[in-house]
Amino acid sequence: MSFVVPDEAQRTELAGVLGHAFGTDLAGTLSWFEGASHEQLRILVRQGEVQGGLLRIPMGQAYGGRFVPMTGFAGVGVRVDRRRRGVAKALMGEALRELRSEGVGLSALYASTRALYRAVGYEQAGTTHSGTFKPRDLHAPPDAGAIELATEAHWPEIEEVYRELAVHQPGALDRGPYIWQRIRAERHGLRAFGSLLRNPDGSLEGWVFYRQKKGPDRHILHLSDVQARTADGWGRLARHLVDLGTMVHRVELLTAPTDPLYLRQLHPYMKMELWETWMLRLVDPSVALQQRGYAPGLSAEIGLSVVDPLLGDETLTLRVAEGRARVSKGGTARVRVHTRGLAGLYAGHLSPRVLAVMGLIEGEARDLATLAQLFAGPPPWNRDHF
């Protein structure tokens with residue numbers, strides 16, 4: 001068995017495997033590979049045949065007011081005639097060991113099957129909701145102000161402001177080229193449009209990117225991104241969406257109950273439902289715990305016995321002060337936590353109490369309360385699917 005970057009012939013073979021798995025054609029899958037970077041593809045080869053593969057997506061994710069380097073996985077697929085033979089678990093095991101050898105602390109993904117990813121140490125860590133609304137139902141001021149059409153020349157400015165805003169939303173991605181192209185480039189034959197709002201001093205206030213799909217009578221507007229700095233900016237964006245409603249029957253977007261676009265509405269006309277719960281894994285707990293941010297007013301020291309059947313158990317001492325953490329190997333462990341439980345805790349998505357009920361953490365009540373304080377924060381969510 002070998003876990004390698006595929007050559008050109010193997011990429012074509014992998015495209016056939018993933019196309020069969022996800023219902024896509026060969027040309028479309030190869031085009032996806034091209035846009036995603038061939039160097040980030042990995043395949044599992046046994047007896048000369050490609051049995052499965054995946055795509056790595058280097059990026060980051062916001063936790064505790066800091067972006068933590070994170071590698072996402074997408075397109076994890078196995079040949080249909082090689083399933084239920086442990087191929088997917090072996091593929092993910094090799095991928096995680098490779099990340100750990102590279103010093104990566106975190107990995108995240110959207111799971112097609114939670115059982116597989118829980119078996120290799122992932123746990124639910126945040127949510128993405130789907131929302132729909134009619135433009136006329138938005139509460140908006142009478143005027144959006146000047147609108148500027150986004151062009152490629154604006155990309156650096158947009159990305160800088162995005163990072164400034166997103167770092168404070170737990171779970172938000174530190175987007176790389178792969179994610180940004182899904183927001184701004186043509187997808188599924190639909191062109192992406194962008195509108196920018198500026199403040200009187202010329203600074204960028206916010207933006208919306210969208211694709212417009214023609215329906216039987218009127219159109220559907222899918223928002224691939226919407227951001228604003230201030231309450232005034234969110235109001236102006238709402239007005240712009242109302243103005244776009246001349247030909248639009250409904251608007252669709254990925255969102256959350258704490259999305260400012262939703263919260264600022266006077267009435268809950270936006271229909272929202274849970275779309276997916278994404279999963280997280282601490283590939284290297286020492287690295288991930290040190291790179292995360294913490295509330296500046298907290299100070300604590302606690303020993304953790306981390307249970308990780310795939311990558312190996314370890315005992316760590318976590319010391320937090322002035323918003324940062326130091327982690328050392330060894331010490332006296334007062335809390336025993338499975339790597340799945342540590343992932344849910346790290347994100348602030350699952351409390352120690354819930355993890356205890358799940359059988360993923362054990363410790364004295366005062367120690368679990370300390371961990372609850374250290375990892376508390378707003379609900380983690382993100383607007384991006386990968």
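Atoms considered below: every heavy atom in the structure, side chains included; atoms not considered: hydrogens, waters and symmetry mates. Keep in mind it's a predicted model, so treat the numbers as computed, not measured.
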Would you tell me whether S203 and D201 have side-chain atoms, one donor and one acceptor, within less than 3.5 Å of each other?
yes

Can you check whether G171's main-chain N or O pairs, donor with acceptor, with Q61's side chain at less than 3.5 Å?
yes

Distance alone, cut at 3.5 Å: any donor-acceptor contact between the side chains of Y178 and R182?
yes

Do the side-chain N and O atoms of H338 and E123 include a donor-acceptor pair separated by under 3.5 angstrom?
no

Connected to L261, directly or through other members, by ILVMFWY side-chain contacts below 4.5 Å are F133, L138, I147, F193, L197, V208, Y210, L221, L223, V226, W234, L237, L241, V242, L244, V248, V251, L253, Y262, L263, M270, M272

Taking only distance into account, with no hydrogens and no angle test, what donor-acceptor pairs under 3.5 Å do side-chain atoms of residues 294-311 form with protein atoms, sequence neighbours excluded?
unit_1: Y294; atom_1: OH; unit_2: L289; atom_2: O; d: 2.8
unit_1: E301; atom_1: OE1; unit_2: R319; atom_2: NE; d: 3.4
unit_1: D308; atom_1: OD1; unit_2: R281; atom_2: NH2; d: 2.8
unit_1: D308; atom_1: OD1; unit_2: L310; atom_2: N; d: 3.2
unit_1: D308; atom_1: OD1; unit_2: L311; atom_2: N; d: 3.0
unit_1: D308; atom_1: OD2; unit_2: R281; atom_2: NH1; d: 3.1
unit_1: D308; atom_1: OD2; unit_2: R281; atom_2: NH2; d: 3.2

Could you tell me whether a side-chain N or O of R83 sits under 3.5 Å from a main-chain N or O of V78, the two making a donor and an acceptor?
yes

Apply ring pair (Phe, Tyr, Trp, His ring centres under 6.0 Å) to H20 and list each qualifying residue two or more places apart in sequence or on a separate chain.
none

Regarding T128 and Y110, do their side chains bring together a donor and an acceptor under 3.5 Å, going by distance alone?
yes

Connecting only ILVMFWY residues whose side-chain heavy atoms lie within less than 4.5 Å of each other, what is the rest of L266's hydrophobic cluster?
none

Residues passing the side chain to side chain contact (heavy atoms under 4.5 Å, CB included) test with D284, sequence neighbours excluded, are R100, S286, V287

Taking the six-membered ring for Trp, is the centroid-to-centroid distance between H385 and W278 below 6.0 Å?
no

Which of these, V335, L360, V337, L280, sits in a side chain to side chain contact (heavy atoms under 4.5 Å, CB included) with L342?
V337

Shortest non-hydrogen separation from L26 to A15 and the atoms involved
CD1-CB, 3.5 Å

Using a 4.5 Å side-chain heavy-atom cut-off and chaining through intermediate ILVMFWY residues, the residues clustered with F67 come out as V167

